[in-house]
Amino acid sequence: MSIAEAFPDTQKYWPSWDTREKLNCISTRKAPDSLCGLIRKLFTLHGDEDMPYYRQKEILQACRKWNLVWVGPGQAAPLEPHEIELLLGFDKDHTRGCASMTERYDALGNSFQINTVAYHLSTLKPLYPHGITVLSLFSGIGGGEVSLHKLGIYLKVVIAVEINEKVRGVLKSWWRKSCQAGELKLKNDVRDLTHEVLTDLIDEVGPIDLIIGGSPCNNLSGNNRVSRTGLNGSESSLFFEFPRILNIVTQIMRDKGFL
DNA sequence: CGTAATCAGATGGTCGCG
DNA sequence: CGCGACCATCTGATTACG
């Protein structure tokens with residue numbers, strides 16, 4: 001989706017020399033208001049067409065870095081949470097009411113893009129006409145769950161594992177808002193999913209059809225200047241929980257004759 | 001070798017509350 | 001006054017690519 005398609009009403013405010021057609025990656029951080037104030041000040045000094053070339057370049061660089069959009073004459077602004085929600089394919093106010101602004105930016109910056117994930121999961125629809133049982137690791141605000149729901153796949157059981165309480169609240173709230181008839185089971189920590197716990201879960205809900213999740217990128221992200229320590233970093237090493245749990249679930253499913 | 005992009009932490013501040 | 005929630009601001013290096 002292009003910027004013009006996503007923000008048709010703001011096109012009249014875009015300087016002719018801002019040639020961006022697509023935004024950059026949605027980040028967990030918001031541009032400082034001081035930066036937007038500086039840009040506004042430059043426009044009151046020069047105006048749109050008379051902006052010196054080097055200033056144009058500076059402003060454009062800031063716009064790219066912080067994903068700013070033009071919301072008024074000479075007025076660049078960060079995306080608001082509800083705009084990010086729509087860009088990511090969620091319903092408006094998906095994260096509203098459960099978390100502070102900072103927490104919403106954080107959770108949204110870490111989320112899946114719904115349409116993209118739904119594209120990859122679309123092959124599941126004919127395979128599970130009567131619903132699906134999902135083990136969702138690092139669920140966050142429920143990108144995987146929402147994708148399946150938007151595909152029209154009935155969520156029979158969702159076991160969602162998410163360590164942040166506020167973010168769990170977002171998922172819980174969505175489950176109610178979207179009138180899910182299935183069962184939502186929330187867990188806090190992927191590290192708690194031992195062989196015993198997973199056996200009990202499968203005894204309770206039956207075979208698991210899908211394991212989905214995106215592990216933390218904190219120690220991988222280029223934006224991290226402090227602890228970019230790689231896949232063995234304190235958060236990103238949780239990646240290895242995914243194959244560990246996958247192996248255990250596969251073993252249990254074999255033992256029970258589900259595979 | 002320049003341009004560009006990047007699922008982020010640490011710090012210090014305000015503010016409300018007990 | 002301590003505490004926690006919240007917020008604004010500061011902090012480059014590693015990649016990819018042409």
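Computed over heavy atoms, backbone and side chain alike; hydrogens, waters and symmetry mates excluded. Chain identifiers are assigned alphabetically (A, B, ...) following the order of the sequence lines, protein sequences preceding nucleic acid strands; residue numbering begins at 1 within each chain. Worth saying up front: this structure is predicted, and the values here are computed from it rather than measured.
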Do we see a donor-acceptor contact under 3.5 Å between the side chains of [X] and [Y]?
X      : Y      : answer
A:Q113 : A:N115 : yes
A:T95  : A:E85  : yes
A:Q251 : A:D255 : yes

What integer distance in Å separates [X]:[atom1] from [N]:[atom2]?
X      : N     : atom1 : atom2 : result
A:E58  : B:dA4 : CD    : C1'   : 16 Å
A:N224 : B:dT6 : CG    : P     : 15 Å
A:Y105 : C:dA8 : OH    : P     : 9 Å
A:L68  : B:dA5 : CG    : C1'   : 15 Å
A:D106 : C:dA8 : CG    : P     : 14 Å
A:K65  : B:dA4 : NZ    : P     : 14 Å
A:N24  : B:dC7 : CG    : P     : 10 Å
A:R20  : B:dT3 : CZ    : C1'   : 16 Å

Legend entry - C1' spacing across the pair C:dT11 / B:dT6, given as an integer number of angstrom: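 So the two C1' atoms sit 15 Å from each other.
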
Presence of [X] side-chain N/O under 4.0 Å of [N] phosphate oxygens OP1/OP2:
X      : N     : value
A:S27  : B:dA8 : yes
A:N223 : B:dA5 : no
A:T28  : B:dA8 : yes
A:S227 : B:dA8 : no
A:T102 : C:dC7 : yes
A:R64  : B:dA5 : yes
A:N110 : B:dA8 : yes
A:N218 : B:dA8 : no

Legend entry - Exam field: side chain A:R244 to backbone A:L193, donor-acceptor pair closer than 3.5 Å: yes

Inset, instruction - For A:S236 and A:G233, indicate whether the former's side chain and the latter's backbone hold a donor-acceptor pair under 3.5 Å. - result: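 Answer holds: no.
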
Legend entry - Check: A:V157 and A:E204 side chains under 4.5 Å, non-hydrogen atoms: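 Counting from C-beta outward, A:E204 and A:V157 never come under 4.5 Å.
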
Inset, instruction - Name the pairing partner of C:dG12, where a pair is Watson-Crick or G-U wobble with both distances under 3.5 Å, or state none. - result: none

Inset, instruction - Name the pairing partner of B:dC7, where a pair is Watson-Crick or G-U wobble with both distances under 3.5 Å, or state none. - result: none

Legend entry - Most 5' of A:A31 and A:R228 on DNA chain C, judged by nearest nucleotide: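 The residue closer to the strand's 5' end, by nearest nucleotide, is A:A31.
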
Legend entry - 5' precedence on DNA chain C between A:K166 and A:S34 (nearest-nucleotide basis):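 On the 5' side of the pair lies A:K166.
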
Legend entry - First of A:V226 and A:F112 reached from the 5' end of DNA chain B, by closest nucleotide: A:F112

Legend entry - A:R225 side chain, from C-beta outward: closest of C:dC6, C:dT9, B:dA8: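 Output: B:dA8.
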
Pick base, sugar-phosphate or nothing for [X], based on heavy-atom distances below 4.0 Å to the nucleic acid.
X      : result
A:K57  : nothing
A:Q61  : nothing
A:S236 : nothing
A:D33  : sugar-phosphate

Legend entry - Enclosure of A:K22 NZ (heavy-atom neighbours >12, cutoff 6.0 Å): no

